[in-house]
Structures are given as structure tokens and as C-alpha cells.
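Structure record follows, encoded as C-alpha cells.
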Number of protein chains: 2
Amino acid sequence: MNSNQEVIRRLSRYRNVMRKMKALGLIKVFSDNLADAVGVSPSLVRKDFSMFNLTGNKRGGYRIDDLVSKLNVLLGKDKKQKIIIVGCGKLGQALMNHNGFPRVGIRVVAGFDSDPEVLNSEAPIPILHIKKIREFIEENQIRVATLTVPEPAAQGMVDTLKKTCVKGVINFSPVSLKSSEDFLVHNMNIEQEIENLFYNIHFAETTVVKVQ
Amino acid sequence: MNSNQEVIRRLSRYRNVMRKMKALGLIKVFSDNLADAVGVSPSLVRKDFSMFNLTGNKRGGYRIDDLVSKLNVLLGKDKKQKIIIVGCGKLGQALMNHNGFPRVGIRVVAGFDSDPEVLNSEAPIPILHIKKIREFIEENQIRVATLTVPEPAAQGMVDTLKKTCVKGVINFSPVSLKSSEDFLVHNMNIEQEIENLFYNIHFAETTVVKVQ
DNA sequence: TAGATTGTTAATCGATTAACAATC
DNA sequence: TAGATTGTTAATCGATTAACAATC
């Protein structure tokens, strides 16, 4: 049972680096190159690959083309990844227009809200009334949603989504919701990240707290 | 030397839970309660506290009041945490209006951009021209910024900020920038988070990949 | 007091790194 | 071939957990 989230994140980063290398005309890459680019050790790069049976050539490194396309399959990037935006306030709308998505094969197919003002705004991507969400999800076989609703609505929305074929959400509200076996929640807690940064700045430069 | 980011994140979560408990009228809390709320083991809660010399009473648990105020000092929440928003596109503007911030003592004091249209829009928080950023930072002793500029501008902006008293940024652009000793970067990579979620959904339900 | 919970030590677990044989 | 790099094993490191004496 492999449940280490970090490996997958690293694979995704290796892939991004390799895609850029490829754009520069490079053909091969060594574990050393990827290690430098991503900031990990070469051993770890090789170990990560070997865990997923991604092999290279002794002496010759890895073929970028080959590795990228294997990673695509592994990470599900060979298919378009459709998502919906639940809650089209400022943050939701920012995500709808986020230009980092198309580049990596993520497609926002619809937004949902209940505020009539938002519903009438014209957007390149349809914003539908929240009451249509279950129907839409089933028809379009949506698996992933972003949760950008006000905090009090977050848990209720999760309960609704659990009844559909959505299997996970990225939660931007400040309540940290819990994952369960069949419904994954990834919390993007901006406040917490900022607090953490302040801590690291302030106390990392002062002395270290610790112990033992 | 204590460099474990996770401990700090957990402390912050314990604090949030306790503030809610306090609002409910509770006075004491046991490691068991916090463990349940945050989803970790009671041992870990006690260990985390003990690492920072946060003590309770054998048999009596921890006094919420006491612990919250000690955590406030530890996490720097006893002072207002001022931040600036660098790049006031959709995402930057969403952050400027993010109502999760005031509640946790984070204050957005200004935004910066170069687009005249954005500069003229009226916002409750001033949006200034990017050329005034260094002056503003020094005058207001800003330590933390969010980086919500288009990807190509991100690295350049970091280089500018490094020349000021800003000591760290939350980077929302899809390039993952590297931290250095005296300038911390926390990457909030939304795309990566979504990719990761797709992976977990798709392949966690299929079989597990592997190994040893 | 008896019972329950902390604080801490030792054991466990898992991830990363170092090292090196295999081999291109 | 000689040299360099992979793939993998064993060693290390660090974080989490279990256990329990101290004690309220």
C-alpha cells in the first residue's frame, strides 16, 4: 500500500521540468538534472521512478519523451481533467479564468452559484444555478470540484456532492474538512499558509525553540 | 534545530479548534479532544505541546484560555499580521476581499499592480502602482506578500522583493519558486493540487501501484 | 483514595540517503 | 575498454506512536 502523497507531487514536478526541457530541445535527462531542478537528491529521483517501474538506461539516463508520456498516463494527464467550480464569488471566478489550467490539461466546465447577480453575469464558462448541480454532475461525469463557497455553506455542500459521482474537492474555505475513504478533501488553507510563513520568518530568524 | 513545518501547522489547527471550543463555553481540553478534532493521535498532541513547553495539568487536561494565549504569542498572532497583494488580477482581488483574513488577524494593507484599469478601480483597500512598492514596503515594514502576478513576472518580482524587508511570499503562480535562507517561498500550486486529487481518486480506487 | 491524564522515554514506522554492483 | 549512470539494497534519519511512571 503506497499512500505517500509526496511521491506523486514530485512525479508531477519532474514531469513539468521535463516538459520544459523538451521544449528546449533536450532528449535525455539524468536523475541528477531532475534532482537539481526540483531540489531533491538524485537517489530520491531514481527511487521515485523505480517505485512506479519507470526505467531508464544505465549510463544513458532517461528519455524525456518516453518518461513524460508514461507519467502522463500515470498521473491521468492523458485525458482532459474536467472540474466544476462550486461557489462563484471572487475566488471562484478567479479560478474560472485561471490561465494555469488549460496549459496542464485541466478544464473548467461550469460554475455554480445561487446569487442571481452572479448567474446573470456573462462569463466564457456557464454559471448555473446551484439547484442544477446534481443533474449536471451526473450528465457530465464530473469527478472533481473546487469548493469556493462561504465557510458556513462548505460542509453542507460536501454532503450534497457526496451523493453524486464527485469523488473529491479542493476546499478553499477556512474550515478544514476531513477526507473519508470514498470522498477526498484537499484543503487549501490560505490563512494557515500565511500564518505559517509568518511563523517561519519570525521565529526561524530568532532562535530555535526546541528541545531534547 | 527544529524544522518540521507540520508541527506549526498542527499548533495552528489546535488553536483554531480551541477558539471554537471556547466560544462554546468550554474551559478545559484534553489531548484526546484535540486529537479527535484534528485527526491525529493524542500522543502527538502532547508531544507537540511539550516540544514548545506548553504544559497542562496531569489529570486536568489543558486550560483553553491559557493555551490559546500562549499559542498566540508563539505563532505571532498577538500582533496584527500585515500583508500586501502583489498583482491585482482576479485572484489578487479575491484575496484583497477574502473574509477569512480579518478573523485570524491578517490584514491586507495594500495591493500593487501596473495595469491602469485596475489602479483606477475603487477598492476598500488602496491599489498602488507597482513602482511605489519598495517605498511602501519600507515605510510600512511589510514582511509578507502574496504573489499573484502572471507566471512570467513571478521570478522578477521575487528578485525585487528580496531587496526590501519582505522576508517571504505566498506564491500562487504555477512556477514553483525556491526558498532560500533569507527569503521564504510557500508555493500554493492549485494545478498541482488538482492533479494530485485526480491521481488519488483515480488510482487509489484502482489498485495500488506497488512495491517491496 | 482510585481513576484519569499528562509528560516523556523507548519502540516503531516510514521516508530519504548513501553506497555500490550491474551494465550500457 | 574506461567511465558514468541506473536500479536497488542497506543504513540513516526523523517523525509518530505506544507505553507507562508521575501526579493531580
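Below, chain A is the first sequence line, B the second, and so on; all start at residue 1. Just the heavy atoms: all of them, side chains too, but no hydrogens, waters or symmetry mates, feed the values below.
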- Item | NZ/NE/NH1/NH2 to OD/OE distance under 4.0 Å, B/Lys70 and B/Asp66 | yes

- Positive for side chain to side chain contact (heavy atoms under 4.5 Å, CB included) with A/Asn171, one of A/Asn189, A/Leu147, A/Val149: A/Leu147

- For A/Phe49 and C/dA15, give me the distance from atom CZ to atom P, rounded to whole Å. 18 Å

- Between B/Glu193 and A/Arg9, is the closest basic N to carboxylate O distance under 4.0 Å? yes

- Query: To the nearest Å, how far apart are B/Leu44 CG and C/dG7 C1'?
  - Reply: 14 Å

- Query: Hey, are the side chains of B/Ile142 and B/Ile83 touching, using non-hydrogen atoms and a 4.5 Å cut-off?
  - Reply: no

- Message: Taking the side chain as everything from C-beta on, heavy atoms only, tell me whether B/Leu44 gets closer than 4.5 Å to B/Ser41.
- Response: yes

- Item | Under 4.0 angstrom between A/Tyr62 side-chain N/O and D/dG7 OP1 or OP2 | yes

- Item | Pair of N/O donor and acceptor under 3.5 Å linking D/dT5 base with A/Lys58 side chain | no

- Between A/Tyr62 and A/Phe30, ring centroids under 6.0 Å: no

- Item | Residue whose nearest DNA chain D nucleotide is more 5′ - B/Ser43 or A/Gly61 | A/Gly61

- Task: Kindly state which residues belonging to residues 26-33 of chain A come within less than 4.0 angstrom of DNA chain D, counting heavy atoms of the residue only, listed by number.
- Result: A/Phe30, A/Ser31

- Item | For atom CG of A/Asn57 and atom P of D/dA4, their distance in whole Å | 17 Å

- Does C/dT16 have OP1 or OP2 sitting under 4.0 Å from an N or O in the side chain of A/Arg10? yes

- Rounded interatomic separation in angstrom, taking CG from A/Asp48 and C1' from D/dT8: 14 Å

- Query: Do NZ/NE/NH1/NH2 and the carboxylate oxygens of B/Lys22 and B/Asp65 come within less than 4.0 Å?
  - Reply: yes

- Could you check how far CZ of A/Arg46 sits from C1' of C/dT16, rounded to whole Å? 13 Å

- How many Å lie between CZ on B/Arg63 and C1' on C/dT6, as a whole number? 16 Å

- Convert the base pairs of DNA chain D into dot-bracket notation, remembering that pairs crossing earlier ones are written with [ ] and that bases paired across to another strand are shown as |; include only Watson-Crick or G-U pairs under 3.5 Å. ..||||||||||||||||||||||

- Message: Looking only at the side chains, is there a donor atom on one of B/Glu151 and B/Ser173 sitting less than 3.5 Å from an acceptor on the other?
- Response: no

- Which sits closer to the 5' end of DNA chain D, B/Arg59 or B/Ser41, going by the nucleotide each is nearest to? B/Ser41

- Item | Nucleotide D/dA18, atom P - distance to NZ of B/Lys47 in whole Å | 14 Å

- Query: Whole-Å distance between D/dG7 C1' and A/Met51 CE?
  - Reply: 14 Å

- Note on the structure: Partner of A/Val86 under side chain to side chain contact (heavy atoms under 4.5 Å, CB included), picked from A/Ile137, A/Ile130, A/Asp113, is A/Ile130

